[in-house]
Amino acid sequence: MATVTKDLERKIEVLRDKIRHHEYRYYVLDAPEITDAEFDVLMNQLKQLENEHSVLITPDSPTQRVGGKAREGVLKARHSSPMLSLDNTYSEDELRNWDRRVRELSGRKEIEYVCELKLDGMSLALHYEDGLLVRGITRGDGTTGEDVTLNVRTVRSIPLSIPREKLKKTGIPADFEVRGEMLMPIAAFRKMNEEREQKGLSVFANPRNATAGTVRQLEPSITAQRRLDYFSYMLLKDGQTHFDTHWKTLNALDAAGFKVNASRKLVKNFAEVWTFIEQEETRREKLPYEIDGIVVKVDSTSLQEELGYTGKAPRWAIAYKYAARSGITKIEEIIVQVGRTGKLTPVAILKPVPIGGTTVSRATLHNMDEIVRLGVKIGDWVEVERGGDVIPKVTRVVEDKDHFRGHKSFHMPERCPVCGGHVVRTEGEADHRCVNASCPAKLRETILHFASRGIMNIDGMGEALVNQLTERGLVKNVADIYELTREDLLSLDRFADKSAQNILNEIGNSKKLPLERVIYGLGIRFVGERTAQFLAEHFGSMDALMNAKEEELLEVNEVGPRIAESIAEFFQEPENRELVERLRKAGLKFTGKKRERGTKLAGKTFVLTGTLAHYSRDAAKKLIEEAGGRVSGSVSKKTDYVVAGDEAGSKLEKAKELGVRVIGEKEMRELAG
Ligand code: IVH
């Protein structure tokens, strides 16, 4: 290992500060000063220095956001003081009454309030000790929550540490707790659901559920991929409010580097509260995340204490909720749509209803389980909600004297509505699928997927063109795209010389795109963008991937048995192999850059257990794999080494029992060279 000098230590710390500054500019202020590529250069420099001098890695280094082992189960943690909820109101009158009560109870004529957005996510507590983030806890039942520290660390708007000078300057103590709202921006939510849909996984109903699901994930590397955001709104010391006003709290958090929502206002009286509420409602549609109202809080901490609490909520705060973006209307029909994977989605055709500024005439019912859960029949009156999702959804059946029930039950068709192919529902899955491999609906969606921007990026090959190409039989699979001629295109409606040439150029350009795009474009079930990337890096060529056995596929990052099986099945199918051959002939990229692996540990199997001092779980795995070794999850006779860190548990015992060699991280590093 290279020697560590003071100079080097300083150099690394300066680099870290630079990266932290740019993370802050990007993730907290939303105002980057450098490009992503420039940022990556800095990050790679740091990673390299830390790789060479692993003793210098600190837990708050920007490289250490994703790391540690996956949680094996749920760990409970108690809150320093209860995490309360808020009383709600939907009416101006009730809000006025609340203000009156606060004034009466306090004996003051006018009260200063702080108005904030009511963010629609989940509340979460962050604990800092000596300025370092040490724990993240979900609200849970308010008294006890779940320890989700490793996931919280991956959220880049949450600082891993606050420098001492900043604490001093802002008056925040070294040990403190921040409470705030974790949320998933609408764009991230849509992207995630799209990817899940492509992989044939169930989608989340709204950004709030997606946030909760992501925060409680057992595997931090998955949380890291989903873009969560966190806004702070409370600062506690030993469970007590620290500053004498709420406004000061928010500004101190802001100055210390936490993300505090900019839409906040200190107001002098009720009239100003109401102005804020009205103003923010007009901006609601344009926000990149969901809010469901405004929170009004008494500014003075001593007055808050005087007012106290009723049951589960403070008397000093209230949530004014905006009217839900929903409407009530009638289901006139339920149709079925067929997607790329053959999934059948029931869609309610509605009597058009205005909701939050647009007219809604369709809403998704997701799948048969959802229809059963809601108890929906054709002719029912239902509530339809338009949330962060593009597609509105039916949330409940309405039944009263004005809204009679419908009578006609919906059944999933036994035959595909597009091709007449068999429809099956695999046990344990929520979705019905058309099993006909050449179903035109599947074909259409497959071609659209292949040509889309994130994959082969064939600009101009949208719905209108793909419909014509598939309907006229010019394109029966993705390889046919590369055999399209000028004449073929000119035979279509609305195609002239120039537009035909444009499409041919686009198709030609797509051949230059890297191997991972081609793999992604094949539309193998469960293989999304990231998996395709890992596969390309691991195998380095389409041929190696095509001929890989399931065991080899399982060695790829994030590939589990289900994905491995799906890939192997795909390439066993002669039709698929033929398709791939045609893509090769067409000149698509079939080789890429393989991540070179060493050979020092070739054939050796390692098991990691306990906490290592200088390596996160992922970093240790990477070190071993890059030296040609394999990391397994459980100890057996075939295990060559068990690497034991602090608090190693049953795996260590098992190793001793089986006589497997146990080593420490120093030895691991030496073995890996
Ligand atoms: S203050 C005792 N401020 O609303 C004070 N909560 O209905 C409790 N929420 O569990 C929290 N935005 O998840 C506060 N600006 C905001 C908020 C907010 C969203 C959520 C929070 C809380 C729930 C209560």
Side-chain angles (χ1 to χ4, degrees), residues 79-90 94-95 98 102 113-126 136-146 148 152 155 157 177-185 206-212 214-216 228-236 239-243 245-247 249-251 253-254 258-267 273 276-277 280-281 283-284 287-301 303-322 324 388:
H79 290 297
S80 59
S81 62
M83 280 184 90
L84 302 169
S85 59
L86 293 168
D87 282 334
N88 287 329
T89 174
Y90 285 91
E94 270 182 36
L95 192 63
W98 173 79
V102 171
Y113 294 114
V114 175
C115 301
E116 291 168 30
L117 302 185
K118 186 166 192 305
L119 305 158
D120 202 3
M122 71 187 287
S123 50
L124 203 116
L126 306 175
I137 313 175
T138 64
R139 177 172 184 275
D141 63 6
T143 310
T144 311
E146 213 171 290
V148 288
V152 160
V155 178
S157 48
E177 176 183 351
V178 170
R179 289 183 183 176
E181 199 81 353
M182 188 77 93
L183 55 82
M184 189 179 285
N206 52 47
R208 186 175 1 95
N209 290 0
T211 306
T214 304
V215 165
R216 301 186 57 216
L228 291 174
D229 207 348
Y230 182 83
F231 287 97
S232 312
Y233 49 64
M234 246 183 171
L235 175 87
L236 303 177
Q240 301 285 318
T241 307
H242 183 67
F243 290 100
T245 71
H246 184 57
W247 191 243
T249 304
L250 295 181
N251 292 335
L253 285 168
D254 191 349
F258 287 94
K259 193 164 183 170
V260 180
N261 204 288
S263 294
R264 58 179 192 264
K265 196 162 189 208
L266 175 64
V267 302
V273 168
F276 183 85
I277 289 176
E280 293 303 317
E281 186 160 22
R283 302 172 24 155
R284 184 180 181 193
L287 288 174
Y289 41 80
E290 295 208 317
I291 62 167
D292 55 353
I294 297 295
V295 185
V296 187
K297 301 173 180 175
V298 168
D299 187 40
S300 150
T301 306
L303 187 48
Q304 286 183 2
E305 281 161 11
E306 244 175 76
L307 291 163
Y309 300 84
T310 60
K312 286 200 307 265
R315 272 199 206 92
W316 49 263
I318 192 162
Y320 174 85
K321 299 256 241 174
Y322 291 131

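Ligands are counted one by one from 1 in listed order, and the atoms in each one are counted from 1 as well. No experiment lies behind these values; they were computed from the predicted model shown.
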>> Tell me which one of Lys297, Lys265, Arg264 satisfies side-chain hydrogen bond (donor to acceptor under 3.5 Å, both in side chains) with Glu116.
In response: Lys297

>> Glu181 and side-chain hydrogen bond (donor to acceptor under 3.5 Å, both in side chains): which single residue from Tyr233, Tyr230, Tyr289 fits?
In response: Tyr233

Shortest non-hydrogen contact between [X] and [Y], atoms and distance:
X: Val260; Y: Ser232; value: CG1-O, 3.9 Å
X: Val273; Y: Leu95; value: CG1-CD2, 4.3 Å
X: Trp316; Y: Gln304; value: CD1-O, 3.4 Å
X: Ala317; Y: Leu86; value: CB-CD2, 3.8 Å

Top protein contact for [atom], by heavy-atom distance:
atom: atom 4 (O) of ligand 1; result: Lys118 NZ, 3.2 Å
atom: atom 8 (C) of ligand 1; result: Leu84 O, 3.8 Å
atom: atom 9 (N) of ligand 1; result: Glu181 OE1, 3.5 Å
atom: atom 11 (C) of ligand 1; result: Tyr233 CE1, 3.9 Å
atom: atom 19 (C) of ligand 1; result: Leu119 O, 3.1 Å

> Can you tell which of Arg179, Glu177, Gln240 makes a side chain to side chain contact (heavy atoms under 4.5 Å, CB included) with Ser81?
Replying inline: Arg179

>> Name the residue from Thr138, Asp229, Val152 that meets the side chain to side chain contact (heavy atoms under 4.5 Å, CB included) definition with Met182.
In response: Val152

Please classify the [X] to ligand 1 contact at 4.0 Å (heavy-atom distances, strictly less than): side chain, backbone, both or neither.
X: Leu117; value: backbone
X: Ser123; value: both
X: Leu86; value: both
X: Glu116; value: side chain
X: Arg179; value: neither

>> Heavy-atom contact check, 4.0 Å cutoff: does Lys297 meet ligand 1?
In response: yes

>> Looking at ligand 1, is there an atom of it that comes within less than 4.0 Å of some heavy atom belonging to Ala317?
In response: no

>> If you take the centroid of each ring, where Trp contributes its six-membered ring, are Tyr113 and Trp98 closer together than 6.0 Å?
In response: yes

> Which atoms from ligand 1 have a heavy atom of Pro314 less than 4.0 Å away?
Replying inline: 2 (C)

